[in-house]
Amino acid sequence: MPAPQEHKKSLEQVLNGLTDENGKKLAAHLRNPQFQKAIDELHDSQQARDEATKDPKGFFKRKGADLPDDVTMEVKQGSWCIYFKYLAICVKWCDDSGWGWC
């Protein structure tokens with residue numbers, strides 16, 4: 001089952017806030033259908049979360065969702081979250097609450 005519709009709405013709110021050149025570059029990657037499929041998989045699969053915990057950037061790359069080289073990622077357990085940091089931008093996706101700012 002894909003991530004809830006509310007997550008897609010919160011992603012659009014975050015993407016609409018990425019207005020400078022760097023934000024638009026990151027937004028293009030986050031809108032990629034392959035990236036969205038990878039997020040859906042993280043939502044549905046503990047195995048996918050385990051894989052992404054070990055190598056978050058590699059997980060997305062293997063799913064065909066390359067991110068800019070300068071993006072760093074951090075995974076936090078508990079409420080399972082992945083943080084995407086690109087230059088001065090930080091957005092996060094959490095399994096239980098969707099997208100937001102760090």
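Along the sequence shown, residues carry numbers from 1. Worth knowing before you read on, the calculation uses all heavy atoms, side chains too, and leaves out hydrogens, waters and symmetry mates.
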In residues 27-34, what donor-acceptor pairs under 3.5 Å come from side-chain atoms, sequence neighbours left out?
unit_1, atom_1, unit_2, atom_2, d
His29, ND1, Asp66, O, 2.8
Asn32, OD1, Gln34, N, 2.6
Gln34, NE2, Lys63, O, 3.3

Using atom types as modelled, flag every donor-acceptor pair under 3.5 Å from a side chain in residues 83-94 to any protein atom, sequence neighbours excluded.
unit_1, atom_1, unit_2, atom_2, d
Lys85, NZ, Glu74, OE1, 2.8
Tyr86, OH, Lys25, NZ, 3.4
Trp93, NE1, His7, ND1, 3.1

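The nearest pair of heavy atoms linking Asp40 to Lys8 is OD1-NZ, 3.6 Å. Across all non-hydrogen atoms, the minimal contact from Leu42 to Ala52 is CD2-CB, 3.7 Å. Nearest approach of Ser97 to Ser10, heavy atoms of both residues: O-OG, 4.5 Å. Residues Leu67 and Met73 share a closest heavy-atom pair of CD1-CE, 3.1 Å.
Using a 4.5 Å heavy-atom threshold, the side chains of Ile39 and Trp99 count as touching. Side-chain atoms of Pro4 and His43, non-hydrogen and from C-beta on, do get closer than 4.5 Å to each other.
Here CZ of Phe59 is found 8.0 Å from CD1 of Ile82. Values are rounded to the nearest 0.5 Å. Note that the CD atom of Glu41 and the NZ atom of Lys37 stand 11.0 Å from one another [nearest 0.5 Å].
With a 6.0 Å radius and a threshold of 12 heavy atoms from other residues, nucleotides or ligands, Asn16 has its CG atom above the threshold.
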Go through the steps to decide whether Gln46 and Asp50 satisfy the test side-chain hydrogen bond (donor to acceptor under 3.5 Å, both in side chains), and finish with yes or no.
CA-CA 6 Å; Gln46 181 62 48; Asp50 291 343; 2.8 Å; yes
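Without hydrogens or angle criteria, Lys57 side chain to Val71 main chain gives a donor-acceptor distance under 3.5 Å.
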